[in-house]
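Data first, discussion second: the structure below is written as structure tokens.
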Amino acid sequence: MWDTLLVNVNLATMDTNRAAPYGAVQNAALAIKDGLIDWLGPEAELSDAPGELARNVLDLDGKWATPGLIDCHTHLVFGGARASEYEMRLNGASYEEIARAGGGILSTVKATRSAPKETLYAAALSRLNALQSEGVTTVEIKSGYGLDLESEMKMLEVARDLGKKDSVEVVTTFLGAHALPPEYAQDREGYINLVCEEMIPAVARAGLADAVDAFCETIGFSTAETERVFKAARTCGLPVKLHAEQLSDSSGSQLAARYNALSVDHLEYLSPEGVTAIATTNTVAVLLPGAFYFLKETQTPPVQALRQASVPLAVATDCNPGSSPVTSPLLAMNMACTLFGLTPEEALTGMTRNASQALALSDKVGTLSKGKSADIALWNIATPAELSYWLGYNPLAGLFKAGREIFTWQHTQTEAEHIHG
Ligand code: DI6
Ligand code: FE
């Protein structure tokens, strides 16, 4: 006997073993047992009447089901916000004036260091709720606004605490090499020593990070500095990923490929050599169109070259207070299509299957397949392309995490729906 059986549903399984676009199975049924997907296929192939097969049968009236969305690159935990800086910019202030007024990434570091854990948690929770309300069931959260051991640990602890909600899985990434903290302004090497010799081992010992990231950029850290961070991660048994080629080409992607990075992220300035390098590994190219949009960048990532090299493409919000104050995965998908030229199918693949690969979670989530976690988003749409099409309209109609219904919907009415859990 199954726990739950969804019937009268169209599945965008995103499973590569199914030839149809989106791995679609229409007029389908999907069975859940013990939190996992136990069966899926055409409803006509069910062996008996639904009521005989499952304790709980849900007739979905032709809705679409997709894998729960996976936001594989966020900085969801941070103190304060930078709207006043945004406002100053739009009132004509220069970068220098903003910096002198205490703006920029270091203003977020200051706010994050001084915030109690409870304050960070409450602010991040409200952003996490926004992601969940658009179908997110797995999210990656980076540190990187603490930049000292205690504050970096505090950020990661908050991220881990958010993951204790059983409605969402949180994956954490240590990003100590995000910016140079003010107390090390004259001592770059001293800070990298601290990151490599103290922070990474401590964070690894405490089990607070699932991966290590760095900001490899002229305004961030050099490839040589990044390589030291990667070596320290490797010593502690942690996989790496990289903010690479966002504002210029530092050949960070080639370095990341040599360390078998889970992903390289941003990539607007990725060179042909960088494409070739990551194509030889399982590294995912994570596109972050929210940052491209918010910073009004003009150079787009080499999507066609990445496609030709069969590099898996993911899409994420990059939610952060400075360059991508985006809490909408659907908007990120729309931007990936409109700004970067992805197809709606590539955008959805980028928020599901390929995002799971970027988090080393491919065997658990990312597709609707037998044996995977029953992380399922239900949508009031006529075709999966609608998920990339609307701006600001949210067609989510229901959400399951590990087989548990965490979002209720009306089957026949269109009354307001409520999040709980
Ligand atoms: N790339 C970015 O765009 C952000 N961090 C990064 O590594 C900027 C973060 C911020 O301004 O707060
Ligand atoms: Fe980022």
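Count residues from 1 along the sequence. Bear in mind that the values here come from a model prediction, so they are computed numbers and not experimental data. Counting starts at 1 for both ligands and their atoms, in listed order.
Taking every non-hydrogen atom of N320 and a distance limit under 4.0 Å, the qualifying atoms of ligand 1 come out as 9 (C), 10 (C), 12 (O).
No hydrogens or angles considered: nothing links the side chains of T343 and E345 as a donor-acceptor pair under 3.5 Å. Counted by atom type alone, H73 and D318 present one or more donor-acceptor pairs between their side chains at under 3.5 Å. Using a 3.5 Å distance cut-off with no hydrogens or angles, the side chains of Q132 and K165 do pair a donor with an acceptor. Under the 3.5 Å distance criterion, with hydrogens and angles disregarded, no donor-acceptor pair is assigned to the side chains of E169 and T137. Side-chain polar atoms of E227 and Y259 form a donor-acceptor pair below 3.5 angstrom. With 3.5 Å as the limit, one finds no donor-acceptor pair spanning the side chains of D213 and T173.
Within a 6.0 Å sphere centred on CG of N282, other residues, nucleotides and ligands contribute 12 heavy atoms or fewer.
Residue contacts to the Fe ion (ligand 2): D265 brings no N, O or S atom closer than 2.8 Å. Residue H266 does not count as close to the Fe ion (ligand 2), with no N, O or S atom under 2.8 Å.
In this structure, atom 3 (O) of ligand 1 lies nearest to the protein heavy atom S323 OG, 2.6 Å. For atom 6 (C) of ligand 1, the nearest protein heavy atom (residue, atom name, distance) is H178 NE2, 3.4 Å. For atom 11 (O) of ligand 1, the closest non-hydrogen atom on the protein side is R82 NH2, 2.8 Å.
Looking at Y145 against ligand 1, only its side chain comes within 4.0 Å, counting heavy atoms. For Q246, every heavy-atom contact with ligand 1 shorter than 4.0 Å involves the side chain, none the backbone.
Closest approach between the Fe ion (ligand 2) and any N/O/S atom of H75 involves NE2.
Look at R160 and D210 and you find a salt bridge, because one of the NZ, NE, NH1 or NH2 atoms lies within 4.0 Å of a carboxylate O, short of that distance.
Considering backbone and side-chain atoms together, H75 places no N or O closer than 3.5 Å to any N or O of ligand 1.
With the Fe ion (ligand 2) as vertex, D318 OD1 and H73 NE2 subtend 80°, rounded to 10°.
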